[in-house]
Amino acid sequence: MASPETVRLDVEGMTCASCASRIERVLGKQEGVSEAIINYATGDARVVFDPQLTEIETLAAAVDRIGYGIRPARAEDEPTPDSATRSALVFLLLAVAGTALAVWAPSTAVVIGATTIVTFVAGWQIHAEAARRARRLATNMDTLISMGSLAAYGYSIWAVVAGEEPYFHTAAFIVTFVLTGRYLEARAKGRASEAVMRLLSLGAKEATVRRGDSWVVIPADDVQPGDELAVAPGGIIPADGVVVEGSSEVDESMMTGESVPVVKSGGDEVFGATVNQQGRLVIRATAVGSESSLGRIARMVEDAQATKADVQRLADRISAVFVPSVLVVAGLTTAGWLMTGTAFGEALALGIAVLVVACPCALGLATPMAVMVGTGRGAELGVLFKQADVFERVKRVDMVMFDKTGTLTAGAMEFRAMHTSMDQRRFLQLVASAEAGTSHPIATAMVNEAERRDIGLLPVTELTNHPGLGLEAEVDFTHVWVGTAELMEKQDFLMPDVYPIVADSLEQAGSTVFFAGWYGEVKGLIAVGDRIRPESAAAVVALSAMNVSSAMITGDSSRVAHSVAEVVGIEEVRAGVRPDEKAEAVAAMQAKGLTVAFAGDGINDAPALSVADIGMAVGAGSDIAIESGDIVLANSSPLTVATAVDLARRIHGTIRENLGWAFLYNTAAIPLAVFGFLSPSIAAGAMALSSLSVVLNSLRLSRYGRSSGFAR
């Protein structure tokens, strides 16, 4: 069996949730298809299939047989959400004008003409879709609307001839209200898609590429991995890459949500679509197009929008049987009122009201609309949800377990203190020179401190590492030993009594202490520490306000771990945990009945991210961690963890509100129509209002974090 492929396809002809359910069922039954998800709100399909057993053409033929169409996702030159909105507006304006004329014109001929234009010109798409469904013995929302408006129109023509009261305005109102709802839906869908579209539009349009000894300007889409690119001050970086020349500050706010520019120099990683602010940079491209960070972010958002929450699957199943059921109820309503002696025209109008008011538009929009808006806003804030079902799972989270290094702390050692019996500059020069030959984080801290003090480093002629203990090196004719107290003891170095006392005090404060000695004596000690992120404490407080407790898990020593935990306000600490034990620690919390989220950034965090009920991968971390997470945080601020939990819960709450309103509307509206309390015109208005309420409620998510909260 070949590896399954996942494709995104545009779906044509959908007008309601029952359409989506029908297409989904047909695709799911095709040989080789393991998953098919149709999103009514976005108008696309996500299909996972075995290419050895089926192909896109076969799937398209199956969908065509039931009256719909699928094709490869929209190209750049094809209609956009904006053009769909404009088209919907044109038909709406035509319907509004015709309806106004039909209501106010004194001439019967003008009324008939205006209603004809509204019903058959402005509403032609409704009838065309209904006819396509009928030819295949299928139904959808258009079936209800088409039958209702045509019945009102046809009866009115007969009524004019027979001298009865016509219902021309009813036919016109039905079409106009439906088109009003569709215009608002189209407008909302366009707005909900803007977040991803804005992200993609931020990319550079051109790139300056080295070609031999000269620089040439080419389209950014033509950049290939390995190309060297020059980026002037104020220019947009065309692709992900590594700085090979120059230094500058880069505005990465569009990627991480952080407003403070980041200093970049030789060897530092940069991301496409970020803005070079000061000096000229030359970068070597490492990832372009859809493989760049920007492309991956857009793909994650689209994938989340293409998936379905479990609650939406229930709504889809209901919608699939809803339309046929409504046709039966409408027929029985008309027949029932006729049996009570009601005039045919009035009985027919009541049946039409049932057809119109029962349309499950709001039910189909409830979940996808909230997911579209919420995930789009999340992308703007640096929170990327990978699946729609994450919103339901986050609702149940009791505890967030934080990895310490790189998550609660910066993951980079910094110099804190130095104690020596000799000249400090000479002591630091020898230690930093010895350490400079390694890539250990402590070495980086030492070298940075020497540079800060303008202390030149000396050449190292010999270097030997002692794993877990330290190193020895020949520096300026001095054999230098740097490492733990155990290493000093193994070399029989004389340890002055003051150093263990000072070391203990520094370790109590959360520092890591190492010693340095030569000529048989410990000459001093240096303390370094991992800087605690300033937002860590605020993140713990924010989570606590949501009734979510925080815990820390780390491979560091208990003393260091508890010192960090005390600063950030965490009481539950698991220290000295090996990488392979992190997942076991998460499972242990789950065994206590807790729903656990885990936030981490490293390769060694991947197992814990997978085991946790919710895995939150810090975006500055490894690709393996990102792949293992359910939520990707594009910046390294722990406060974004709280933002992710809060936003996910708000999206879930919005989904429940939308579905509650949609179910309540249909539950209440159908009996009212059956028992004669709603005219067809009022029913059409109520149906449009139901969809509008779902759309507007979902759009509230686009304002999340703009005026309050902890979005950044």
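What you are looking at is a predicted structure, and each value in this text was computed from that prediction instead of being measured.
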Quick check: does any side chain N or O of Q590 sit under 3.5 Å from a backbone N or O of V611, one acting as donor and the other as acceptor?
yes
For atom CD of E566, decide whether the heavy atoms of other residues, nucleotides or ligands shown that lie under 6.0 angstrom number more than 12.
no
Test: K582 and D403 ion pair at under 4.0 Å
yes
In terms of heavy-atom contacts, F402 and S550 come closest through CE1-OG, 3.8 Å
Between N465 (side chain only) and L471 (backbone N and O only), is there a donor and an acceptor less than 3.5 Å apart?
no
Could you check Y704 against D646 for side chain to side chain contact (heavy atoms under 4.5 Å, CB included), going step by step and ending with a plain yes or no?
CA-CA 10 Å; Y704 173 80; D646 188 49; 2.7 Å; yes
Short side-chain to backbone donor-acceptor contact, K523 and S421, under 3.5 Å
no
Where does the angle between the aromatic ring planes of F391 and F385 fall among parallel (under 30°), tilted (30 to 60°) and perpendicular (over 60°)?
perpendicular
How far apart are the closest heavy atoms of M616 and A597, and which atoms are they?
CE-CB, 4.3 Å
Main-chain N/O of V513 paired with S511 side-chain donor or acceptor, under 3.5 Å
no
Tell me whether E571 at atom CD has more than 12 heavy atoms from other residues, nucleotides or ligands lying less than 6.0 Å away.
no
After noting the C-alpha distance and the side-chain angles of R452 and F415, does the key distance pass the side chain to side chain contact (heavy atoms under 4.5 Å, CB included) rule?
CA-CA 11 Å; R452 190 184 71 82; F415 175 88; 5.5 Å; no
Approximate separation, where rounding is to 0.5 Å, of H562 NE2 and I570 CD1
11.0 Å
Could you tell me whether a side-chain N or O of D423 sits under 3.5 Å from a main-chain N or O of R425, the two making a donor and an acceptor?
yes
If a pair satisfies salt bridge (charged side-chain N to carboxylate O under 4.0 Å, His left out) and one of its residues is in residues 270-284, list it, with sequence neighbours excluded.
E228-R284
At what distance, to the nearest 0.5 angstrom, does CZ of R396 lie from CZ of R649?
11.0 Å
Quick check: closest heavy atoms across A232 and N276, and the distance to 0.1 Å?
O-ND2, 3.2 Å
So which heavy atom on A612 is nearest to which on V586, and how close?
CA-CG1, 3.8 Å
Taking atom CD as the centre, does E521 end up with more than 12 heavy-atom neighbours from other residues, nucleotides or ligands that are less than 6.0 angstrom away?
yes
Check: S536 side chain, L408 main-chain N or O, donor-acceptor pair, under 3.5 Å
yes
Does L430 offer a backbone N or O that forms a donor-acceptor pair with the side chain of S433 under 3.5 Å?
no
